[in-house]
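The structure appears below as structure tokens.
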Amino acid sequence: ALTIDRLASQVRLTKGSFYHHFAGREDYSRALLQYWADELTQRIIEQSETRSDPRDKLRRLTSLTLGLASETEVAVRAWALSDPLAREFVERVDKQRRSYVERLVFDITGNRSRAKLVARMIYAIFVGGGQMLPPQMRREVREIYALLDPYMER
């Protein structure tokens, strides 16, 4: 239901100003989705990578994701249900996020099949927790992540 008129009106800009920055609605959508992917995926992975130990990286990652705006995740996922471009971005971001977690868990456990399963559990908690109403509290999610620690033994 997003139109250029409605968007320009909401942010108090002219349509001309919008078209100065974007070629059209799809260009704007692509830029918005790329911003989501960069800020809520790549930036967080980079911040996690500042640690040297894989366990510390995973702890940093889960800590950083506790502070993510779940409303944004929910909105982008809802958008992806009806928009092929948004779906493409969500699929790519999901793959990148799961692959990163899987690599960290593999570095901890040395077990590829366990790493794949634990990474899926961690990611399912992240995505599912934001979909719940009301969303899970940060403390609850932190406690749930802590329960997964025994699955990451060598």
Side-chain angles (χ1 to χ4, degrees), residues 1-2 7 10-11 18 21-154:
L2 178 67
L7 179 64
Q10 286 227 312
V11 295
F18 175 88
H21 294 286
F22 303 103
R25 183 182 180 279
E26 185 168 336
D27 187 41
Y28 172 75
S29 294
R30 185 175 299 283
L32 186 62
L33 288 162
Q34 189 61 56
Y35 178 81
W36 168 73
D38 290 345
E39 287 299 307
L40 298 182
T41 300
Q42 193 56 43
R43 184 178 59 81
I44 288 173
I45 289 172
E46 289 169 2
Q47 289 179 19
S48 298
E49 283 294 306
T50 61
R51 306 298 198 264
S52 56
D53 179 72
R55 281 186 187 274
D56 290 339
K57 288 179 184 183
L58 188 57
R59 285 185 192 107
R60 177 77 172 140
L61 177 71
T62 56
S63 174
L64 289 167
T65 60
L66 289 173
L68 288 182
S70 64
E71 301 87 20
T72 303
E73 286 289 317
V74 171
V76 170
R77 289 176 185 287
W79 184 13
L81 293 174
S82 62
D83 184 278
L85 178 64
R87 185 176 311 110
E88 174 189 321
F89 269 84
V90 169
E91 288 173 356
R92 186 170 0 127
V93 163
D94 282 350
K95 182 178 180 182
Q96 181 183 10
R97 289 171 174 177
R98 282 192 323 264
S99 294
Y100 180 66
V101 174
E102 185 176 331
R103 182 174 59 83
L104 292 179
V105 176
F106 175 75
D107 289 347
I108 294 166
T109 67
N111 182 322
R112 189 139 331 264
S113 61
R114 179 178 286 181
K116 187 172 191 150
L117 291 173
V118 171
R120 283 195 174 272
M121 286 192 313
I122 290 170
Y123 198 62
I125 292 164
F126 168 73
V127 172
Q131 300 289 325
M132 295 171 69
L133 293 175
Q136 288 181 317
M137 301 300 292
R138 292 174 75 165
R139 181 185 53 75
E140 289 175 316
V141 176
R142 189 176 289 117
E143 289 172 2
I144 291 168
Y145 284 146
L147 290 172
L148 293 174
D149 204 55
Y151 294 101
M152 291 186 268
E153 297 299 322
R154 282 201 174 266

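In this structure the side chain of Y145 reaches within 4.5 angstrom of the side chain of T65, judged on heavy atoms. With contacts defined as side-chain heavy-atom distances shorter than 4.5 Å, the pair K57/I108 does not qualify. Two residues are said to be in side-chain contact when any heavy atoms from C-beta on lie closer than 4.5 Å; V76 and F89 fail this criterion. Within the 4.5 Å cutoff, the side chain of E73 has heavy atoms near those of the W36 side chain. Contact annotation: the side chain of R103 approaches that of D107 to within less than 4.5 Å [non-hydrogen atoms, C-beta and beyond].
Taking CD1 from I122 and OH from Y100, the interatomic distance works out to 11.5 Å, rounded to the nearest 0.5 Å. Between the CD1 atom of I144 and the CZ atom of F126 there is a distance of 13.5 Å, given to the nearest 0.5 Å. Atom CG of residue D83 and atom CG of residue L33 lie 7.5 Å apart, to the nearest 0.5 angstrom. Rounded to the nearest 0.5 Å, atoms CZ (R77) and CG (L81) are 10.0 Å apart. Summarising the geometry, atom NZ belonging to K116 is positioned 9.0 Å from atom OG belonging to S99; distances are rounded to the nearest 0.5 Å. We find the CG-CG distance between L66 and L61 to be 9.5 Å, quoted to the nearest 0.5 Å.
The side-chain hydrogen bond (donor to acceptor under 3.5 Å, both in side chains) test applied to Q96 returns Q42, not counting sequence neighbours. Looking at residues two or more places apart in sequence or on another chain, you find a side chain to side chain contact (heavy atoms under 4.5 Å, CB included) between A80 and A86, R87, V90. With sequence neighbours excluded, the residues that form a side chain to side chain contact (heavy atoms under 4.5 Å, CB included) with D56 are R51, D53, R59.
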Practice problem: Any chance you could lay out the side chain to side chain contact (heavy atoms under 4.5 Å, CB included) test for D149 and R55, step after step, and finish with the verdict? | Solution: CA-CA 10 Å; D149 204 55; R55 281 186 187 274; 3.4 Å; yes
Quiz prompt | Step-by-step salt bridge (Lys or Arg N to Asp or Glu O under 4.0 Å) determination, R43 to E39 | solution = CA-CA 5 Å; R43 184 178 59 81; E39 287 299 307; 2.8 Å; yes
Self-check item: Verdict with supporting geometry, E91 and K95, salt bridge (Lys or Arg N to Asp or Glu O under 4.0 Å)
Solution: CA-CA 6 Å; E91 288 173 356; K95 182 178 180 182; over 6 Å; no
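Remark: the S48 side chain and the R60 side chain contain no N/O donor-acceptor pair separated by less than 3.5 Å.
Nearest heavy atoms, F22 versus A31: CE2-CB, 3.7 Å. What you find for V105 and A115 is that their closest heavy atoms are CG1-CA, 3.5 Å.
Partner L64 forms a side chain to side chain contact (heavy atoms under 4.5 Å, CB included) with one of I45, L40, I44 and no other, that one being I44.
Salt bridge annotation for E26-R30: present, with a cationic side-chain nitrogen under 4.0 angstrom from a carboxylate oxygen.
Few gaps surround CD on E46; more than 12 heavy atoms of other groups in view lie less than 6.0 Å from it.
For the pair R120 and Y123, the NZ or CZ position fails the cation-pi test of under 6.0 Å to the six-membered ring centre and within 45 degrees of the ring normal.
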